[in-house]
Amino acid sequence: MRIKRLEIYGFKSFPYRVSLPFPPGISAIVGPNGSGKSNIMDALRWVLGEQSLKRLRVRSAEDLLFAGDHGRSPGFAEVRLVLENDGGVPEEFRELPEIVVARRLYRSGESEYLINNRTCRLKDIHYLFLDTGVNPRGYGLIDQGEVGKFLERSPQERRFFLEELA
Amino acid sequence: MRIKRLEIYGFKSFPYRVSLPFPPGISAIVGPNGSGKSNIMDALRWVLGEQSLKRLRVRSAEDLLFAGDHGRSPGFAEVRLVLENDGGVPEEFRELPEIVVARRLYRSGESEYLINNRTCRLKDIHYLFLDTGVNPRGYGLIDQGEVGKFLERSPQERRFFLEELA
Amino acid sequence: SRRKIREALELANQKLSEVFPLLFEGGRAELYFTDSDDPLQAGLDLKVKLPGKPVRHLSMLSGGEKALCALAVLFAFYLVKPGPFCILDEVDAPLDEANTLRFNELLKRLKEHSQVILVTHNPRVMEIADALFGVTMEEKGVSKVVSVKLT
Amino acid sequence: SRRKIREALELANQKLSEVFPLLFEGGRAELYFTDSDDPLQAGLDLKVKLPGKPVRHLSMLSGGEKALCALAVLFAFYLVKPGPFCILDEVDAPLDEANTLRFNELLKRLKEHSQVILVTHNPRVMEIADALFGVTMEEKGVSKVVSVKLT
Ligand SMILES: Nc1ncnc2c1ncn2[C@@H]1O[C@H](COP(=O)(O)OP(=O)(O)OP(=O)(O)O)[C@@H](O)[C@H]1O
Ligand SMILES: Nc1ncnc2c1ncn2[C@@H]1O[C@H](COP(=O)(O)OP(=O)(O)OP(=O)(O)O)[C@@H](O)[C@H]1O
Ligand SMILES: [Mg+2]
Ligand SMILES: [Mg+2]
């Protein structure tokens, strides 16, 4: 499985739809302080099912909706992750060349998950990724400022990563 | 008051005596990872009377003594701070052009403070710096990785800095 | 005493309103008491306004923005009651090119009041130093220092 | 189950002994169980040996050394069970020039197993990327992205 594209609309500092076509290999996200780089990382964590507001650096789900002074205020926030499917997924998804996972949040506070444009539950997202090694809390996602902290964590907290391996 | 020179001997990764003559203005300490830059900052905090082992990044006082594989193992650790005296100090120090504050730690575990080569207590060091604004815990000393944390601290912790101002 | 703490806050905010726009074009920041009306009990919090951006609470700021805010507050304290020296260990690590140059401006103003000693990996910051101290470990585990006076 | 966890530790240590010397010339590191003999209760700790240096506990390491150790452990986990993608936000900030080049070697090996997406301010790291995504805020408060394919 690999990411073909990440699309963000109305999430944090992105009022316009942006699309990031990630190639295989290494992609570098660059730009000035405060321009929105870590917001892209938050979008990735969010679409993979992240539940913790603290990990998303907000106090309430409402802070995930674009809130700048700019005129256009989109009615909802949406992040779509377009994945190339090369196996490892459950039976019903095997034949599809591409899988699209999406998450939406409306100003009303309602939120929904979608797989290939059909609404589903968070459980279905977890089930989809079960044997692929994808996990928003896993060792594969390191937040800004976290790298030095890994060693400062307690042995019990570090054990969590080993359990993923087992 | 300003720092004329900092001398380090036998403290952390410094088995040989080194001397840093700081000019007025801006001094930059540079060098590769792990070469000893933050150890110099620890030496400064220590000679100013820092008591917390955690702030000095050690578990026991013994870790402050040079412990490398290198043949020469100095019998003690000593940091000397040579200060130019331009007022603000208590009466008995007023006439001296220079004041030298030092701190020593012996392998036996004993430690001593010195002002102008005469042993004294930690209280005397605090008394010396009382009206000069020098304080190892104050807003004037920011550790590596701390700058982002200032905003993450609780309002009660931040208040400490304001008290210093009052 | 209550009066003194209130006064200190007043002064700090005055200086902050001078310093903050140096680091954030058009921005504003203010320190205020929270948790209690009694200055002897209250905590200290910071309200920040950046042009065009919603900053409902400090955790919405980016890594670099947080570092700059903290430096602005520190510097404001310095201007109220300058200490003889200011010691900074890699506080410029999260900053981009443009903010590093603003940080340099701050250092130049700081040096008018105090001696500044800082650790940095950033060549842009080294450029404005009056002296450089190179720390090396030619012999494994043994630190040595070479000093170079620049001005 | 206990057997699986013990096996995972075994495998992680094997990979760590391959990766660690890439980042620290001549160094060694080992993960081990602490707090309890039962793998289902025990915590995970790390022992590090750097040539010529005493590392009695991890807090004696420098900022840059801590970052490199954490990256070595992360990478060892990756080699045991590669995830499809690895996402890193400014993990290279504390590294000096020489260690940045070692980090780049690590990234090149990582990309054989997984897709790597990273945020960086360091031009040395940008050099090895297959694609660059520039994030800007020309209009205050509004993020836009411009992508540049390199290879
Ligand atoms: N809901 C929102 N609506 C609009 N803007 C937001 C929202 N949430 C956060 N922001 C803005 O996004 C900016 C932070 O972006 P981000 O943390 O991605 O920066 P960055 O590019 O990672 O910067 P750095 O290099 O300093 O880490 C803040 O200035 C904040 O005001
Ligand atoms: N008591 C001691 N005896 C000998 N060496 C020590 C002692 N305490 C710490 N060290 C060594 O000092 C090194 C760390 O130095 P320091 O933290 O000053 O690095 P630094 O120059 O600040 O690096 P960075 O740029 O990564 O922050 C460690 O590698 C450690 O082994
Ligand atoms: Mg960021
Ligand atoms: Mg350091």
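Chain A is the first sequence line, chain B the second, and so forth, proteins listed ahead of strands; every chain is numbered from 1. What you see is a predicted model, and the numbers here were worked out from it, not measured in a lab.
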Under 4.5 Å from a heavy atom of chain A, the part of [X] involved:
X: Gln41(D); value: backbone
X: Leu61(D); value: side chain
X: Ala93(D); value: neither
X: Val125(D); value: neither
X: Leu58(D); value: side chain
X: Thr136(D); value: backbone

When rounded to the nearest 0.5 angstrom, what is the spacing between [atom1] in [X] and [atom2] in [Y]?
X: Lys66(D); Y: Glu152(A); atom1: NZ; atom2: CD; answer: 4.0 Å
X: Leu118(D); Y: Lys37(A); atom1: CG; atom2: NZ; answer: 12.0 Å
X: Ser59(D); Y: Leu151(A); atom1: OG; atom2: CG; answer: 10.0 Å
X: Lys140(D); Y: Ser13(A); atom1: NZ; atom2: OG; answer: 14.0 Å
X: Ile26(A); Y: Asp130(D); atom1: CD1; atom2: CG; answer: 6.0 Å
X: Phe11(A); Y: Ser143(D); atom1: CZ; atom2: OG; answer: 11.0 Å

[atom1] ([X]) with more than 12 external heavy atoms under 6.0 Å:
X: Asp37(D); atom1: CG; result: no
X: Gln51(A); atom1: CD; result: yes
X: Gln156(A); atom1: CD; result: yes
X: Glu92(A); atom1: CD; result: yes
X: Lys49(D); atom1: NZ; result: yes
X: Arg94(A); atom1: CZ; result: yes
X: Glu18(D); atom1: CD; result: yes
X: Glu127(D); atom1: CD; result: yes

(request) Would you check if Phe150(A) and Leu74(D) make a side-chain contact, meaning some heavy-atom pair closer than 4.5 Å? (result) no

(message) Could you tell me if the side chain of Ile5(D) sits less than 4.5 Å from the side chain of Glu163(A), heavy atoms only?
(response) yes

Determine the option with the most heavy-atom pairs under 4.5 angstrom with chain A, choosing from [options].
options: Gln115(D), Lys108(D), Glu65(D), Glu90(D); result: Gln115(D)
options: His121(D), Met126(D), Met137(D); result: Met137(D)
options: Cys69(D), Gly141(D), Gly63(D); result: Gly141(D)
options: Leu40(D), Leu9(D), Val148(D); result: Leu40(D)
options: Ala12(D), Pro82(D), Ala70(D); result: Ala70(D)

(message) Treating Arg159(A) as the side-chain partner and Ala42(D) as the backbone partner, does any N or O pair qualify as donor plus acceptor under 3.5 Å?
(response) yes

Looking only at heavy atoms, what is the nearest atom pair of [X] and [Y], with distance?
X: Phe133(D); Y: Pro21(A); result: CZ-O, 3.3 Å
X: Glu164(A); Y: Lys81(D); result: O-NZ, 3.0 Å
X: Met1(A); Y: Pro84(D); result: O-CB, 3.2 Å
X: Val147(A); Y: Val91(D); result: CG1-O, 3.8 Å
X: Asp89(D); Y: Ser38(A); result: OD2-OG, 2.7 Å
X: Arg158(A); Y: Leu44(D); result: NH1-O, 2.9 Å

(message) Using only non-hydrogen atoms and a strict under-4.5 angstrom cutoff, which residues of residues 26-35 of chain D touch chain A?
(response) Phe33(D), Thr34(D), Asp35(D)

Is [X] close to chain D through its backbone or its side chain, or both, or neither, when contacts mean heavy atoms under 4.5 Å?
X: Pro24(A); answer: backbone
X: Met41(A); answer: side chain
X: Val18(A); answer: side chain
X: Leu6(A); answer: neither

Heavy-atom pairs under 4.5 Å with chain D are the metric here; pick the option from [options] that has the most.
options: Asn33(A), Thr132(A), Leu141(A); result: Leu141(A)
options: Gly31(A), Gly140(A), Pro23(A); result: Gly140(A)
options: Ile3(A), Ile8(A), Leu44(A); result: Ile3(A)
options: Pro32(A), Gly36(A), Gly145(A); result: Gly36(A)
options: Ile40(A), Leu20(A), Ile142(A); result: Ile142(A)

(message) Working note: Val73(D) + Phe161(A), criterion side chain to side chain contact (heavy atoms under 4.5 Å, CB included); need CA distance, chi angles, decisive distance, verdict.
(response) CA-CA 10 Å; Val73(D) 170; Phe161(A) 290 111; over 6 Å; no

(request) For Val135(D) and Val30(A), run side chain to side chain contact (heavy atoms under 4.5 Å, CB included): C-alpha distance rounded to whole Å, both residues' side-chain angles, the deciding distance at 0.1 Å, then the answer. (result) CA-CA 6 Å; Val135(D) 187; Val30(A) 301; over 6 Å; no

(message) Using the ring centroid of each side chain, check whether Phe22(A) and Phe85(D) are separated by less than 6.0 Å.
(response) no

